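What you see is a predicted model, and the numbers here were worked out from it, not measured in a lab.
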Amino acid sequence: MIEVRCVNNKQIRKFDYGMTLEELYKEFDLDMQNKPLCAIVNNKVEGLRFRVFGAKTIEFLDVTSPYGRKVYMRSVSFVLFKAIKDLFPSAKLSVEAPLSKGYFFKVSFPHSVGDALLDVTVEVVQKIKSRMSEIISEGHRFHRMEAPTSDVAKQFREKGMEDKAKLIESIGNLYSYYYQLVDTIDYYYGPLVPSTEYLGIFDIVKFYDGILLRVPRDGVKLPDIVKQEKMLKAFADDHLLEKKIGISTVGELNERTKNGFASDAIKVAEALQEKKISQIAEQIASREKVKVVLVAGPSSSGKTTFSKRLCIQLMTCGLMPKLISLDNYFVDREKTPKDENGDYDYESIYSLNLDLYHQQLQQLLNGEEVELPEYNFSAGKSVKSGNKLKLEDNTILVMEGIHGLNPLMTENIPEENKFKIYISALTSIKLDDHNYIPSTDNRLIRRIIRDNKYRGADAKSTIARWPSVRKGEDKWIFPFQENADVMFNSALIFELAVLRNHALPLLEAVHEDCKEHTMASSLAQFLKFFEPISDEELPPTSLLREFLGGSSFKY
């Protein structure tokens, strides 16, 4: 007998050795509003098939948890894949991006002339949805299989799934697992639900030239579709470039790295990013009435380095940019608004001294001289900077901060005088065609490294703060991203391979006895998919230098 502590009902009971989480849930006789999808076991996420062989603390999670939602999404994605294979055996499914509070997929026929896209009509989508509903209602089990890696890779190749074969071969494990749903096999880098009986609400709709898969966030209803045309274009542009250079998935990146082409990947990716920044500068310069450039984006998107590189490109266009960080307009710490838990809400727009900001911005645009503020983060106070600024004829303001696109920041400035840029690490490289990489994980890894290097914070404290940061982004940043004139993707195709060796020691130092271990272990497991790449060849102006150090820019 083994002792199991259940967080959900605070019971401690003894059970037979080797029971699954699915069985334990029934034994605890829990009455959760939604079905359990996975569980945190000793502060690590496990699927419901996980067998317990020792004393454990368990918390069952449903679709209202981010971890449970990922399990739900992966499981429904497998059902989508099987439904398409049942209806269109030669079709290929590819997840393109998390978008519009759902997941955007494309369907194509790789063996047809010209790689033509499947004509995704409303009728075709309805047929796929009906087949998905049939599969779910039939109550099939998701079987987790394990075999020698060479055998698993062979199976995937026989099915035309080269992306999955390359991925598992590049990891270097003797044995690999895969999932089977009736007669269809697939690979997912996290657990699935035990059977389709655990799946309920879902929807698929025709979305541009593909399919939008929608899953619930509260277990009761689907979220509203959010218009994100510019986000879609940003992902589509990057996917097109990745196909041209032959690196769309982690398996392909690992293959190139092992064959000695990591240096070329760095050079090409950095050059493409600089080219995009140059094109944005030319767009700005072509609009003679633009006086203020606003650069906004969520935490760890690389706003500061991007803004500095943009300023250099603006200079090549004959302009004299003046960079202003909105962080210097923070109110004194004791005046910072607080959230519902009584903690300082640094993500709130009202954490900025808006009165001073509007006053100085108007003075600058009127040709007056102002002394810009400076915020002392150690003291938590605004201090005099001695930094005076007056705009000349060819001067252009570049204002960088998370709230740059919020209409409250420039409500008194005519639209023709503004150029708005949204920047984020929109991770476009995929593990394989059915496994996307969450951009939020990419940014969190960046922030963990940066906070440790420059702020002396360990990964545990950064992870603990992250839910508050994400909540602030949902409220204050993401609603305004489509207001941008340009959307810039700061993610580099090779970056997670570079960040891996910097992040792993920090993540592995988060001990099992704290709740932050759940996220830390998940990120560490994910990073191990990447063949490491040294950061030695990163140029000193690389956006990643903002997080790793060694930048030629001053911060």
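Between the side chains of Glu255 and Ser170, no donor N or O sits under 3.5 Å from an acceptor N or O. Residues Arg447 and Ser299 have side chains that bring a donor and an acceptor to within less than 3.5 angstrom of each other. Under the 3.5 Å distance criterion, with hydrogens and angles disregarded, a donor-acceptor pair is assigned to the side chains of Gln313 and Glu274. For the residue pair Arg465/Thr462, the side-chain donor-acceptor check at 3.5 Å is not satisfied. Side-chain polar atoms of Thr304 and Arg309 form no donor-acceptor pair below 3.5 angstrom. Between the side chains of Ser94 and Glu96, a donor-acceptor pair is found at a separation under 3.5 Å.
Inter-residue side-chain proximity for Pro216 and Lys221 is flagged as unmet; no heavy-atom pair is nearer than 4.5 Å. Side-chain contact between Met399 and Lys322: absent, with no pair of heavy atoms (C-beta onward) separated by less than 4.5 Å.
For Gly210 against Val120, the heavy-atom pair with the smallest separation is O-CG1, 3.7 Å.
Just one residue in the list Leu294, Val486, Val295 forms a side-chain contact (heavy atoms from CB on, under 4.5 Å) with Lys420, and that residue is Leu294. Residue Phe330 is tested with Tyr350, Tyr375, Tyr344, Tyr357 for a ring-ring contact (aromatic ring centres under 6.0 Å, His included); the sole match is Tyr375. Only one option out of Lys276, Lys233, Lys243 pairs with Asp238 in a side chain to side chain donor-acceptor pair (under 3.5 Å); it is Lys276.
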Are Tyr208 and Glu229 close enough, and set up right, to give a side chain to side chain donor-acceptor pair (under 3.5 Å), and what steps lead you there? CA-CA 9 Å; Tyr208 296 94; Glu229 292 179 353; 3.1 Å; yes
Evaluate Asn442 against Glu495 for side chain to side chain donor-acceptor pair (under 3.5 Å), listing each step before the verdict. CA-CA 9 Å; Asn442 196 153; Glu495 78 166 84; 3.0 Å; yes
Take Glu537 and Lys267 through the test side chain to side chain contact (heavy atoms under 4.5 Å, CB included) and record every step on the way to the result. CA-CA 8 Å; Glu537 289 202 51; Lys267 290 181 175 67; 2.9 Å; yes
For Ser382 and Tyr329: C-alpha separation, side-chain torsions, deciding distance, then whether side chain to side chain donor-acceptor pair (under 3.5 Å) applies. CA-CA 8 Å; Ser382 181; Tyr329 284 91; over 6 Å; no
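Between Glu482 and Lys230 there is no salt bridge, since none of the side-chain N atoms of the basic residue sits less than 4.0 Å from a carboxylate O of the acidic one. With respect to the salt-bridge test (charged N to carboxylate O, under 4.0 angstrom), the residues Asp343 and Lys338 do not qualify. A salt bridge does not link Asp224 with Lys101: none of the charged nitrogens is closer than 4.0 Å to a carboxylate oxygen. One finds no salt bridge joining Lys289 and Glu415 here, because no Lys/Arg side-chain nitrogen approaches an Asp/Glu carboxylate oxygen to under 4.0 Å. A salt bridge does not link Asp218 with Arg69: none of the charged nitrogens is closer than 4.0 Å to a carboxylate oxygen. Between Arg446 and Glu546, no side-chain nitrogen of the basic residue sits less than 4.0 Å from a carboxylate oxygen of the acidic one, so the salt-bridge criterion is not met. For the pair Lys475 and Asp339, the salt-bridge criterion is not met [side-chain N within less than 4.0 Å of a carboxylate O]. The pair Glu531-Arg500 does not count as a salt bridge, with every side-chain nitrogen at least 4.0 angstrom from each carboxylate oxygen. Between Asp433 and Lys164 there is no salt bridge, since no side-chain nitrogen of the basic residue lies less than 4.0 Å from a carboxylate oxygen of the acidic one.
Among residue pairs with one or both ends in residues 261-284, none qualify as ring pair (Phe, Tyr, Trp, His ring centres under 6.0 Å); sequence neighbours excluded.
Glu516 contributes atom CD, which lies 4.5 Å from atom NZ of Lys460 (distance to the nearest 0.5 angstrom). How far OG of Ser424 is from CD1 of Ile477: 9.0 Å, rounded to the nearest 0.5 Å. Atoms CG and NZ, on Leu326 and Lys303 in that order, are 10.0 Å from each other to the nearest 0.5 Å. Atom CZ of residue Arg443 and atom OG of residue Ser490 lie 9.0 Å apart, to the nearest 0.5 angstrom. Note: Arg545 CZ to Leu543 CG = 12.0 Å, rounded to the nearest 0.5 Å. We find the NZ-CD1 distance between Lys430 and Ile437 to be 10.0 Å, quoted to the nearest 0.5 Å.
If you look at Phe81 and His434, their ring centroids are closer than 6.0 Å.
Using a 30° and 60° split on the angle between ring planes, Tyr436 and Tyr103 fall in the tilted class, from 30° to 60°.
Residues passing the ring pair (Phe, Tyr, Trp, His ring centres under 6.0 Å) test with Phe488, sequence neighbours excluded: Phe306. Taking Phe530 as the reference, Phe526 meet the ring pair (Phe, Tyr, Trp, His ring centres under 6.0 Å) condition, with sequence neighbours excluded. Applying the ring pair (Phe, Tyr, Trp, His ring centres under 6.0 Å) criterion to Phe480, with sequence neighbours excluded, gives no partner residue. Remark: Phe547 engages no residue in a ring pair (Phe, Tyr, Trp, His ring centres under 6.0 Å) (not counting sequence neighbours). Looking at residues two or more places apart in sequence or on another chain, you find no salt bridge (Lys or Arg N to Asp or Glu O under 4.0 Å) involving Glu400.
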